[in-house]
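Each residue takes its place number in the sequence, starting with 1.
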Amino acid sequence: MFILIGIILYLNVLVIVFVYYLLWKKRKVIGFQLGMNISMAAGGLSGMCSGIILIYQFPLYFVTVTVISTIFGVLVGSMYGGMFDFQTILSGWISGLMAGVMSPMVGAAAGQSEGFIFFVEGIFILLFLVISTSTKYN
């Protein structure tokens with residue numbers, strides 16, 4: 001299970017980079033409202049998934065996992081928000097911050113449940129699929 005969780009985190013990073021690349025090419029046609037929703041969703045769910053995965057990997061390092069997941073969520077939210085304007089950067093930053101701080105607690109309360117991690121990963125993949133197709137219907 002330890003290696004599988006590491007692979008899941010690696011695949012999450014690949015999905016984040018791939019969807020960012022897709023949106024970067026279409027950023028001029030995305031309005032600020034959709035951009036704000038994209039940056040908040042990407043930052044929040046990235047911070048959430050990374051915190052849950054890391055607390056499963058390192059269950060006794062609460063402070064370290066919280067700091068890393070918060071930084072990861074803030075970076076992803078700011079990166080996605082940076083495609084649009086300063087307001088979306090701030091929204092993604094705050095969303096990543098809140099999710100990164102809360103997610104290790106959620107992961108610790110879940111108690112190493114494999115079903116929970118696959119549920120959260122399913123939501124992660126579904127959200128990034130919706131984000132990547134959102135520009136078609138804008």
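- With a 4.5 Å cut-off on side-chain heavy atoms, Val13 and Phe72 count as touching.
- In this structure, Val120 is a member of the same hydrophobic cluster as Val15, with clusters built from ILVMFWY side-chain heavy atoms closer than 4.5 Å.
- Although no hydrogens or angles enter the test, the distance criterion places no donor-acceptor pair under 3.5 Å between the side chain of Ser95 and the main chain of Gly92.
- The side-chain heavy atoms of Leu9 and Ile5, taken from C-beta on, include no pair separated by under 4.5 Å.
- The CD1 atom of Ile125 sits 6.0 Å away from the CG atom of Asn12 when rounded to the nearest 0.5 Å.
- Annotation for Met83: atom CE counts as buried by contact number, over 12 foreign heavy atoms lying within 6.0 Å.
- Taking the six-membered ring for Trp and thresholds of 30 and 60 degrees, Phe124 and Phe128 have ring planes inclined between 30 and 60 degrees apart.
- Under a hydrophobic clustering in which Ile, Leu, Val, Met, Phe, Trp and Tyr are joined whenever their side-chain heavy atoms come within less than 4.5 Å, directly or via other members, Ile94 and Leu127 fall into different clusters.
- Contact detail for Gly35 and Thr88: the closest heavy-atom pair is C-CG2, 3.9 Å.
- With sequence neighbours left out, Phe84 forms a ring pair (Phe, Tyr, Trp, His ring centres under 6.0 Å) with no residue at all.
- Residue Ser132 comes nearest to Leu22 through the heavy atom pair CB-CD1, 4.2 Å, listed as atom of the first residue, atom of the second, then distance.
- Atom CZ of residue Phe32 and atom CD1 of residue Ile38 lie 13.5 Å apart, to the nearest 0.5 angstrom.
- In terms of modelled atom types and a separation under 3.5 Å, the side chain of Ser39 and the main chain of Met36 share a donor-acceptor contact.
- Residue Val101 comes nearest to Thr70 through the heavy atom pair N-OG1, 3.4 Å, listed as atom of the first residue, atom of the second, then distance.
- With hydrophobic clusters built from ILVMFWY side chains whose heavy atoms lie under 4.5 angstrom apart, Ile71 does not share a cluster with Trp93.
- Within the model, atoms OG of Ser50 and CD1 of Ile8 stand 13.5 Å from one another, a figure rounded to the nearest 0.5 Å.
- Residues Phe62 and Val67 fall into different hydrophobic clusters, defined by Ile, Leu, Val, Met, Phe, Trp and Tyr side chains chained together at heavy-atom separations under 4.5 Å.
- Residues Ile117 and Tyr56 are in side-chain contact: their nearest non-hydrogen atoms beyond the backbone lie under 4.5 Å apart.
- In this structure, Arg27 and Thr135 have side chains that are not in contact, with every pair of non-hydrogen atoms separated by 4.5 Å or more.
- Both Leu34 and Met79 sit in one connected hydrophobic cluster of ILVMFWY residues. Membership requires side-chain heavy atoms under 4.5 Å apart, directly or through other members.
- Residues Tyr21 and Val17 are not in side-chain contact: their nearest non-hydrogen atoms beyond the backbone lie 4.5 Å or more apart.
- At a threshold of 4.5 Å between non-hydrogen side-chain atoms, the residues Glu121 and Ile53 count as touching.
- Listed here is the closest heavy atom pair of Pro104 and Val65: CG-CG1, 3.9 Å.
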Practice problem: With side-chain contact (heavy atoms from CB on, under 4.5 Å) as the test, would you mind laying out the steps for Ile68 and Tyr61 before giving the verdict? | Solution: CA-CA 11 Å; Ile68 291 171; Tyr61 296 96; over 6 Å; no
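- Contact record, Ile52 with Ser103: CG1-O, 3.7 Å, taken as the closest heavy-atom pair.
- In this structure, the side chains of Ile123 and Leu126 stay at 4.5 Å or more apart for every pair of heavy atoms.
- Shortest non-hydrogen contact noted between Ile16 and Tyr80 is O-OH, 2.7 Å.
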